[in-house]
Amino acid sequence: MAAINKSGVLELRGDGSWKKMLTTLDGEMLQLTDLSSVNPDDLANGTAGLGNEHRPGSRTIHRLEDKGRRTVRLSKGGSQEGLGISVKGGSEANLPIIIAKIFPGLAADRCNKLYVGDEILAVNGRDLSASSHDDAVQFLKTCGDVVELSVRYLKDAGSLFRQAAGFHRLSGDWELDGAVNPYEKEPPRRRSENSIVTIPLRYCYIARGCATAAEEVGRIIDVYWPEGELACTLRCSSPKHADDWITALLNNAAHQLYYAMDEANEYLSSHSGTRCEVRMMGWLTERPSPPQTQWSPVFLALTDHNILMFKGKAPTKDVDWDTPTHVLSLISTRVVQRSGGDLVFDARTGCATGIESHSFRGETDGEMSRWVRALVQGSHNAAALTKEVDCRCSWKGHSCILSLHWEDGFTLFDAKRSRTSTRDLLRLWYFPFERLIGSGDDNRNTLWLDFGGEEGRQTLEIKQSPKYIVFVLHTFLSAKTARLGLFA
């Protein structure tokens, strides 16, 4: 997924009116420039709103005064342990690779010689001064168990990133509606010499806005800060114009989340006792249950086994990952796409109490397809990783355990004797997946399995809702079908 650079004239709502702005999408930044302050020559040649580093013939990497070059040698605690650092910057942002976070207890913390604000110049002799963020992260992940870093400390790395982000606001008496910068402790001050609004897109929620007049339908785009506050409302010249812009904005915001995902996984790998790696994350819009007319933003993160939901706020801090609003099991989740082209799909999860359903909406066909595909593939991967799911039940008056195995199929064990003997000796019956003809349940406790023939019709009383095991069964079959190159 490559970032899109795009510019054009859009209208910005503020103080109850609309103002024409030169709008520039440049990597992770959305920049709005008062059209009256734009140099006509720049507008003609397409460089209006761009910094010097983006003008033809110029490419400058930001540098700050440093305190000398150092060499630091690290030893990981094993092949599964990372360096324990999170980095920011990269050539695509015209920034050096800088340590943004050091995780307690891991190699970088144990050596006691690295600091937040250190620029990484080289790794094992390989120069990183002109590397992109992705290339630097990938090399740091695969650099071996013993790593030699060449670093130098930047006196004010924080101001470097603030300068690169360019947190500015419009001048004069005209102000943005609800434009509060979450990265500043105080409300932004208006500067008479500045006519630029810059919004970093990482973790931002982007959605189609509500029209206040018939002629505005399909032309409004809202951009929200990660905390859920409105950053700006834009109006495009036509619905087609709005489609082009919202597609580009969503693409660049998703591109930035790949960087944020590395930081989240660094934290989760050092604080989770089980395997928990985020594979995809981003914003969708959810209809609350029971259905209401009001839709609301929700941030979703897909891990190896779960769907983490954060209502109305992105997990921008490490501690946010410890308290998701809701957790759904991927292995028992089915995705149902609705007909009619309304960009809505349902995620239905079988659980101990029955079926939990969530309706989500994407802003474009591409975004909806990307999420549907990720959820389906995620459930298949969860099945392959989990391999076996058990549930307690009763069969012909016996207390039993039904095992559903990724490779072996269905096995029923005698639960009373399982503590004193191996499970193979306690097997009451077994059927492979290919014997299954049909299944059903009464939505309360009873599960029916038909493997053909008189001896193959089995009735089980599940100790909880049968929906969980039924949905897991569907995922196993769907994953095995997909693995054969067929469509489930």
Side-chain angles (χ1 to χ4, degrees), residues 1-5 25-31 50-51 53-54 59-64 66 74 82-103 106 108 114-143 147 149-154 156-167 183 198-204 226 248-269 277-282 301 314-318:
M1 178 188 303
I4 297 174
N5 292 335
L25 183 59
D26 183 23
E28 68 172 318
M29 298 295 172
L30 175 64
Q31 181 174 288
L50 299 180
E53 66 273 15
H54 297 286
R59 185 165 180 82
T60 304
I61 297 289
H62 294 278
R63 295 288 178 191
L64 292 181
D66 63 82
L74 303 178
L83 290 175
I85 60 174
S86 173
V87 299
K88 290 186 177 181
S91 58
E92 68 271 36
N94 298 320
L95 292 169
I97 302 297
I98 298 175
I99 296 177
K101 189 178 300 181
I102 296 176
F103 295 91
L106 298 181
L114 290 174
Y115 306 95
V116 171
D118 275 341
E119 174 189 357
I120 302 178
L121 301 169
V123 179
N124 291 344
R126 173 173 168 175
D127 183 15
L128 294 189
S129 60
S131 291
S132 68
H133 183 274
D134 285 348
D135 287 345
V137 169
Q138 185 60 32
F139 190 68
L140 286 166
K141 285 182 175 180
T142 58
C143 56
V147 185
L149 301 181
S150 180
V151 300
R152 61 179 172 186
Y153 182 70
L154 301 182
D156 194 3
S159 69
L160 174 61
F161 284 103
R162 287 192 295 272
Q163 175 187 345
F167 293 124
Y183 300 93
T198 305
I199 301 172
L201 293 176
R202 180 181 289 202
Y203 283 115
C204 278
L249 286 165
L250 289 168
N251 175 84
N252 286 19
H255 187 262
Q256 289 304 309
L257 286 179
Y258 279 105
Y259 303 149
M261 203 152 52
D262 289 332
E263 299 174 5
N265 285 331
E266 285 278 6
Y267 174 77
L268 291 171
S269 64
E277 185 170 348
V278 177
R279 301 297 182 177
M280 178 176 171
M281 62 185 190
T316 56
K317 301 176 182 177
D318 287 346

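Residue numbers count from 1 along this sequence. What you are looking at is a predicted structure, and each value in this text was computed from that prediction instead of being measured.
Interatomic distance, Ile98 CD1 to Asp118 CG, rounded to the nearest 0.5 Å: 9.5 Å. How far NE2 of His133 is from CG of Leu128: 11.5 Å, rounded to the nearest 0.5 Å. The CD atom of Glu263 lies 11.5 Å from the CD1 atom of Ile85; values are rounded to the nearest 0.5 Å. With values rounded to the nearest 0.5 angstrom, Glu119 atom CD is found 8.5 Å from Ile97 atom CD1. Taking CD1 from Ile199 and CE from Met29, the interatomic distance works out to 10.5 Å, rounded to the nearest 0.5 Å. Annotation: the span from Arg202 atom CZ to Glu28 atom CD amounts to 6.5 Å, rounded to 0.5 Å.
In the model, Asp134 has no side-chain atom that pairs as donor or acceptor with a side-chain atom of Ser132 under 3.5 Å.
Using a 4.5 Å heavy-atom cutoff, the side chains of Glu277 and Leu268 are not in contact. Residues Leu201 and Leu25 are in side-chain contact: their nearest non-hydrogen atoms beyond the backbone lie under 4.5 Å apart. Counting heavy atoms from C-beta outward, Val147 and Asn124 have side chains that approach closer than 4.5 Å. With contacts defined as side-chain heavy-atom distances shorter than 4.5 Å, the pair Leu114/Leu74 qualifies. Taking 4.5 Å as the limit, some side-chain heavy atom of Tyr203 sits within range of a side-chain heavy atom of Met281. Looking at heavy atoms from C-beta onward, Leu95 lies out of side-chain contact with Lys88 at the 4.5 angstrom threshold. For the pair Cys204/Leu30, no side-chain contact is recorded, criterion being any heavy-atom separation below 4.5 Å from C-beta on.
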Exercise. What's the verdict on side chain to side chain contact (heavy atoms under 4.5 Å, CB included) for Leu140 and Ile120, showing C-alpha distance, side-chain angles and the deciding distance?
Worked result: CA-CA 10 Å; Leu140 286 166; Ile120 302 178; 4.3 Å; yes

For this session: Using the side chain to side chain contact (heavy atoms under 4.5 Å, CB included) rule, take Asp135 and Ser91 through it: C-alpha gap first, then chi angles, then the decisive distance, then the call.
Result: CA-CA 10 Å; Asp135 287 345; Ser91 58; over 6 Å; no

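In this structure, Asn265 contributes its side chain and Asp262 its backbone to no donor-acceptor pair below 3.5 Å.
When all heavy atoms are compared, the tightest approach of Ala301 to Val278 is CB-CG1, 4.2 Å. Between Val123 and Cys143, the shortest heavy-atom distance links the atoms CG1-CB, 4.0 Å.
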